[in-house]
Structure formats: C-alpha cells, structure tokens
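The structure appears right after this line, and notes come after that.
If you're wondering where the values come from, they're calculated on a predicted model, not measured in any experiment. Order of listing sets the numbers, starting from 1, for every ligand and every atom in it.
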Amino acid sequence: MTRLVSKQVIDIPDTIVAYDRQLSEKLGCNLLGLANYTIGTNYTEEMLRQKKVAIIPITTGQGLIGGFSEAVAEILKFIGFETFITEQTDLSGIDEAYRRNADLLFMADDNTFLALNLTKRKWVNNDQATAKAYVSTLSKLSNGLKDKSVLVLGLGPIGSESVKYLIKEGATVGVYDLEAEKMEVIKEKYKSQVKLIEDSASALKDYQLIIEATPASDTILADCIDAQTFIAAPGVPLGLTREALDKVGSNLIHDPLQLGVAVMGLEAL
Ligand code: 2YG
C-alpha cells in the first residue's frame with residue numbers, strides 16, 4: 001500500500017482546473033464525465049450540489065498527511081459536491097459530520113481509504129474505485145479493451161483489482177509483480193484468463209496497453225514506448241523515466257488522487 005506524502009497532494013486544489021482541462025483534452029471527457037463513464041451513471045454538478053460530503057482527518061498510525069483532506073475536499077467540490085472538512089478528527093470528526101448532516105463521509109487511515117453513505121449503507125474503498133477509474137481511462141484512451149492485450153505491472157491492491165475489471169471488459173491480461181507469490185495468487189484466481197509475465201522488460205515491448213500500478217519510479221523506459229502505447233498509471237510515484245514521459249506524451253494518464261476520489265464520490269451516492 002503506497003502512502004502518499006504531502007508534496008504529492010498539496011498542489012491539487014490549485015491545479016484542479018488545469019488538471020481537468022488536460023484530462024478533457026486527453027480523454028474527450030472531464031473528471032465528472034470520466035467518473036460517470038466508469039460506473040455508468042449520469043450525475044450532473046447540479047445533482048451533486050444537493051449532497052453534503054464530510055472529509056474527516058484521521059490521526060491514527062502515521063497520522064495526518066499535510067494537504068490530504070484539503071485535496072480530497074477540493075476534488076469532490078470541483079465535481080459539484082458541497083464539502084466540508086470536520087474541525088474534529090477521528091471519532092469526534094465522525095460525530096461532527098453526522099451532526100452537520102453529511103450524506104457521505106470520506107476518511108483514510110494508513111491502510112484503508114473509505115467513502116461511507118450512512119443512509120444507504122454503501123461502503124466504497126479507494127483501491128477498487130481507483131482500479132475501476134484507471135481501467136475505464138485506458139478503455140477511453142484506446143477506444144475499448146475488448147479482445148485487447150493489457151499488461152498490469154504491480155499486483156498490489158490497485159493492480160490486482162484492475163485485473164478483475166480488465167477481464168470484465170474482455171481484455172486478455174498479462175500480469176507482472178516482483179513478488180512471484182502475488183502472481184501465483186492471481187493465477188489461482190483467474191486461471192487461463194491471465195498470463196504470468198516472467199520478464200517485464202521484454203513484455204513492455206510487446207504490450208501497447210499498460211496499467212502501471214507499482215510504487216517504483218522507473219519501471220517503464222523510453223524504448224518500451226511507441227506511438228501506439230497507452231499507459232494508465234495509478235501507481236505513485238509515476239513509474240516512467242523522464243525520457244519515457246517525454247515519449248508517451250498525451251497517451252498517459254496519471255494522478256495521485258483525483259480519478260479515484262471522483263469515482264468514490266459517485267459510487268457512494
Ligand atoms: O487523514 C489523513 O490525513 C491521513 N490519515 C491520510 C492517510 C492516507 C494514507 N493512504 C494513502 O496515502 C493512499 N493509500 C491514499 C490513496 C492513494 C491513491 N490510490
């Protein structure tokens with residue numbers, strides 16, 4: 001589980017407008033549009049404005065991440081929700097959110113990032129939401145994944161969830177992780193629907209569609225990329241070298257929080 005650091009999220013509020021414009025240029029839809037596309041809804045900003053979302057800072061474990069609550073609040077506000085960060089933290093914050101009539105609660109400790117809808121008993125986990133968001137991003141980038149080969153690098157919570165959604169989209173999935181047992185678990189679960197990749201370097205040259213979900217920062221090199229390579233990268237930090245970044249251009253989608261949080265908000269309604 002990758003733990004974000006403040007510098008990865010602190011600028012999100014100031015850059016969300018530019019982020020959304022860049023997403024629209026790459027995908028042909030904005031952040032709300034991609035979140036709706038991901039879960040098959042058609043919520044409008046006006047509809048979301050009726051919903052109140054509380055973000056509750058959680059101090060357990062390694063404590064607060066500077067700017068994390070503010071980033072989550074700003075992403076949700078940007079797509080339309082009425083949001084507030086509770087004054088109190090932890091359980092007092094949950095109590096405050098309830099008293100201030102929040103419809104949705106967002107909170108994250110070191111291991112789990114959840115959105116809760118108390119009235120509808122809906123629980124949305126960031127790992128699933130992020131995996132769904134990035135698979136649908138890759139689908140948008142490549143005009144559909146049916147019968148296409150996709151490589152998943154990294155079988156952590158997001159990478160392994162991505163396999164499930166890729167198979168649902170009809171893709172044939174190659175999986176790679178440094179830890180062989182993680183690949184065995186996936187093989188056991190999906191049998192012939194997945195292919196275990198022994199050598200990621202050569203696989204990277206064969207696959208055009210890639211989900212980069214590792215915490216490493218240099219898994220994808222420039223010579224793995226050509227004009228038809230599309231990369232959806234939920235992994236933090238971004239797993240491309242500087243040269244690879246220059247070469248992939250607009251065929252890459254990566255962010256530390258935005259897509260996953262937007263999908264969490266809609267799924268929790
Ligand atoms: O409330 C706070 O400020 C802290 N308790 C937040 C801690 C979040 C820890 N989790 C992570 O950094 C990531 N798993 C969040 C999601 C990354 C995007 N998939």
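Contact annotation: for Leu64 versus ligand 1, heavy atoms closer than 4.0 Å belong to both the backbone and the side chain. If you look at Asp109 next to ligand 1, the close heavy atoms, those under 4.0 Å, all belong to the backbone. At a 4.0 Å heavy-atom cut-off, ligand 1 touches Pro256 through the backbone alone. The proximity of Thr2 to ligand 1, defined as any non-hydrogen pair under 4.0 Å, is limited to the backbone.
Hydrophobic cluster membership is shared by Val17 and Leu34, with clusters built from Ile, Leu, Val, Met, Phe, Trp and Tyr side chains linked at under 4.5 angstrom.
For the pair Phe113 and ligand 1, the shortest N or O to N or O distance does not fall below 3.5 Å. Considering backbone and side-chain atoms alike, Asn126 places an N or O below 3.5 Å from some N or O of ligand 1.
Using a 4.0 Å cut-off between a side-chain N of Lys or Arg and a carboxylate O of Asp or Glu, Glu184 and Lys187 do not qualify as a salt bridge. Using a cutoff of 4.0 Å between basic side-chain nitrogens and carboxylate oxygens, Glu96 and Arg100 are scored as salt-bridged. The existence of a salt bridge linking Lys132 and Glu267 is confirmed by a sub-4.0 Å separation between a basic side-chain nitrogen and an acidic carboxylate oxygen.
Residues Ile253 and Ile231 fail the side-chain proximity criterion, which asks for heavy atoms closer than 4.5 Å.
Aromatic ring centroids of Phe68 and Phe106 lie 6.0 Å or more apart.
Ligand-side atoms of ligand 1 in range of Ala108: 1 (O), 4 (C), 5 (N), 6 (C), 7 (C), 8 (C), range being under 4.0 angstrom from any heavy atom. Residue-ligand proximity, Pro57 to ligand 1, at heavy-atom distances under 4.0 Å covers atoms 1 (O). Set against the non-hydrogen atoms of Gly63, the atoms of ligand 1 under 4.0 Å away are 4 (C), 5 (N). For ligand 1, the atoms sitting less than 4.0 Å from at least one non-hydrogen atom of Ile158 are 19 (N), numbered in the order shown with element in parentheses.
Using a non-hydrogen distance threshold of 4.0 Å, Gly66 does not register as a contact of ligand 1.
Closest approach of Phe84 and Ala97 over heavy atoms only: CZ-CA, 4.1 Å.
One side chain, Asp90 or Thr59, offers a donor N or O that lies under 3.5 Å from an acceptor on the other.
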